[in-house]
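Beneath this line is the structure, given in C-alpha cells, with notes to follow.
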Amino acid sequence: MDNNVIIDLRNISVKFGEEQVLRNINLYIRDKEFVTLLGPSGCGKTTTLRVIAGFLEPDEGDVVFDGKRVNGVPPHKRPVNTIFQRYALFPHLNVYENVAFGLRLRKLPESHIKAKTAEMLELVNLKGFNRRNVASLSGGQQQRVAIARALAVEPRVLLLDEPLGALDLKLRKDMQVELKSMQQRLGITFIYVTHDQEEALSMSDTIVVMDEGEIQQIGTPQGIYNEPKNAFVADFIGESNILDGTMRRDLFVDFSGKRFKCLDKGFEKNEPVDVVVRPEDVDVVAAGEGMLRGTVTSVTFKGVHYEIIVDIKGFKWMIQSTENQNVGDEIGLDIEPDAIHIMKKSVYSGRFGDYSSFSEEFDELSDPEEEEDI
Amino acid sequence: MKKRSALAHKMAVSPYMLWSALFIVAPMFFVVYYSFTSADGGFTLGNMTQLGKYTDTFLRSIWFGFLATFLCLLIAYPLAYAIAKSSANVQRTMVALVMLPMWMNFLIRTYSWMTILQNTGVINNILDALGFGRVKMLNTPGAVILGMVYNFLPFMILPLYSVLAKLDPSVVEAAQDLGGNSLTVLSKVILPLSMPGIASGLTMVFVPSVSTFYISQKLGGGSFDLIGDVIERQFQQSYNYNLGAAISLVLMVLILLCMAFLNRFTSGEEEMVV
Ligand SMILES: Nc1ncnc2c1ncn2[C@@H]1O[C@H](COP(=O)(O)OP(=O)(O)OP(=O)(O)O)[C@@H](O)[C@H]1O
Ligand SMILES: [Mg+2]
C-alpha cells in the first residue's frame, strides 16, 4: 500500500443496540487528499467521522493513523479536528474567543493568537464580528465561525460534517471554492461529508458513496459518475435511466426490445444486467429515426436545458435536451455506444431508475420508500 | 385604543401586584417599621445601636453558612454531573432519590441526626465496639454544619443537575476536539456553562443556612448561638419584636451583600445560557 496513507479504516463495524450502523468499512485516505463521504441521511457518514475523531470506539476493526493503531486514543490526542454538523460553538464565549479556543489551549503567545484569529475571521467573511455573542448569529454565520475555529489550529486532517449545509446557494458556492483552495494551499487532508452530489463531484479527489452503513463505491468523481458500480450509485449520483438488460455477448446488450452496441465486455453470455443511460447522453431525433421511439409525457424547463420525460414501452425515460418538445409528440432517441454503462445485478436492481413518479398522474401515488432515496 | 390596552394590561398584572403587595411588600414594611420603633411605637435608632453585641453571632452564622454552602457545592457538583451523564431511567430514579428526604418533615430529619450522632447513637456504638471509644459528635459545630449540608443539599443538586442535563454534549466534544484534556474541558467549558446552576444553588443553600435556628438548637445543643436562634428568641421568648425585626433587617442586608460577593464569581455567563 502507498506509504503516504494517513488514515486507514480496517473492517470497521459499529452497532447501536440492535442497529448495525456501519458494516465492515474499509477505507484508506492519503495525505492531502480531499475525500468526500456521500450518501443519504442516516447512512452512517457522521458515525464514520466520529470513529475517526475518536468520539466513538468501533465495535470491530482498527483505526490506523500514520501506520499506528489508535483505537482507544482520546480525541484530544488525535491530530484531527472536526467541523460539527450542528456547529457546537461555545455559547459562553464570543466569536473571537470561540476561534481562539484551540490556540489558547496550545499556549501560543497572545500576539500570535490575535493575528491568527483575525486572519481566520477574515477568511470566513466575519471581520468585525469579534465581540458578537455566538447565539446572536445567523445559522450561516455560526457555521462560518465553526469553520474558522477548526482551521485556526491548522490540523493535519480536517473532518467536515456538512459544513455548508446552512448557507444559501451563493455563499455555498463561494465557500466551496474557498475551502477547496484552502485545502490545497495549506495541504490539509479533508474528509468531507455531504449529501449534495454536485458538491461532492466538484470538490473531491475521491468520493466514497455510502448507503445503509456500507461503502457502495470508492472512486474519482469521473469514475463514480461514468462507471457506477450498482443501481444505487447510478441513481444517487446524477440522474440515470436504469433499465433491465441482457448482455448478449461482449460489446452487445439488449434492452427496451432492441440490441445496442456498447463498450463493455467480460460478462457471461446472456447474463442479466442493469443498463445505465445518463439523461444528457441521449440524442433526440425525428420519430422513426434513431433506435428508440416514444411519447413525450412531460417537459420541465430547467434553465440550461429542458427535462423531458419520454414513455418508451411503459418505461419512463428522462432526457435532457436544449431543444423544447411538445407533450404528446412522438420522438426518436439515439444512444451512442459510449453512453451505455453496464452494471452487474445487485440488491438495488429494480429499485431505481424509472422516472414514472415524475409524471403528474403519479405524483401523489409515488411510493414513500422511493421518495426517501431521491 | 391605547387606553383600553393599558387597562387590560393593568387588569392582567393586578393579581400579581396584589400578591406581591400582600406577601412581599407588607411583611417587608413591617420589618422595617418595627426595626425603627420602640415598644410604644415611637421612632428610635435604639434597636440598631444594640446590635453590636451580636457581632460574633453574625460572623459565626455567616461563616457556617459559607462552609455549608461550599461543602454542598463540593458534594453536589460531581453527583449532579454523574446523574446528568447517566441514562434517562437512572436520571429519573436518582432525581427522585435526591428529593425523597424532602418529603419527610424537616424536624424529623434533624431529630434522626440527633439519635445517629449522640454518644449512645449508632456511630458511637460501632466505634466503641471496634475499640476506638466514643467520640463527642452531637452538640459540636461540625454537627450543625452536617445538619445544614444534609438538609439543604438537594437545593444545590437540583439546579446543578438541570443545567448539566441541558449541556449540549457536542460542545464538550468540540472542546476535546480542539485539544482539551478532561481538566481543561471541565474548567473552560463545563464549569462556565453550569454557572447559572451554581449561582442558584449557592443562593438556595446559603440563605437558609445563614438564617436557620432549628438545626443549631438541636444539633448544636444550644452550646453556641447562630443569628437565627437570637431572632427566634426575641419573638418567642422576650417578645421584643422591635429588636428581632432589627436583627432580621441587618441579616437580610448582610445576606444580600454575601450573595453579591458570591455572584461576582458566577456572573457574566448567566444571560448567555438559555
Ligand atoms: N448515539 C446513537 N445512538 C443510537 N443510534 C444512533 C446514534 N447515533 C447515530 N445513530 C443512528 O445511526 C445511523 C447513522 O447515523 P449518522 O448520524 O451516522 O447518519 P448520517 O449519515 O450522518 O446522516 P445525516 O446525513 O442525516 O447527518 C442512524 O440511523 C442513526 O439513527
Ligand atoms: Mg450526519
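Throughout, protein chains are lettered first and strands after them, A, B, ... in sequence-line order, and every chain is numbered starting at 1.
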- Side chain, backbone, both or neither: which part of Leu89(A) has a heavy atom under 4.5 Å from chain B? backbone

- Note on the structure: So salt bridge (Lys or Arg N to Asp or Glu O under 4.0 Å) across residues 189-198 of chain B, not counting sequence neighbours, yields none

- The complete set of salt bridge (Lys or Arg N to Asp or Glu O under 4.0 Å) pairs with one or both residues in residues 78-93 of chain A, sequence neighbours excluded, reads Glu57(A)-Arg78(A)

- Message: Less than 6.0 angstrom from the centroid, inside 45 degrees of the normal: does Arg156(A) satisfy that with respect to the ring of Phe65(A)?
- Response: no

- Among Val80(A), Thr82(A), Ile83(A), Val153(A), single out the residue with the greatest number of heavy-atom pairs under 4.5 Å to chain B. Thr82(A)

- Arg109(B) and Asn151(B): side-chain donor and acceptor closer than 3.5 Å? yes

- Contact residues of residues 96-111 of chain A (partner chain B; heavy-atom separation under 4.5 angstrom): Phe101(A), Gly102(A), Leu105(A), Arg106(A)

- Message: Could you work out, with salt bridge (charged side-chain N to carboxylate O under 4.0 Å, His left out) as the rule, every residue matching Arg172(A), not counting sequence neighbours?
- Response: Asp196(A), Glu199(A)

- Value for OG (Ser211(B)) from CZ (Phe206(B)), rounded to nearest 0.5 Å, stands at 9.0 Å

- Looking only at Thr184(B), Asn181(B), Val172(B), the option with the highest number of non-hydrogen pairs under 4.5 Å against chain A is Asn181(B)

- Going by heavy atoms in the side chains, are Leu167(B) and Val163(B) under 4.5 Å from each other? no

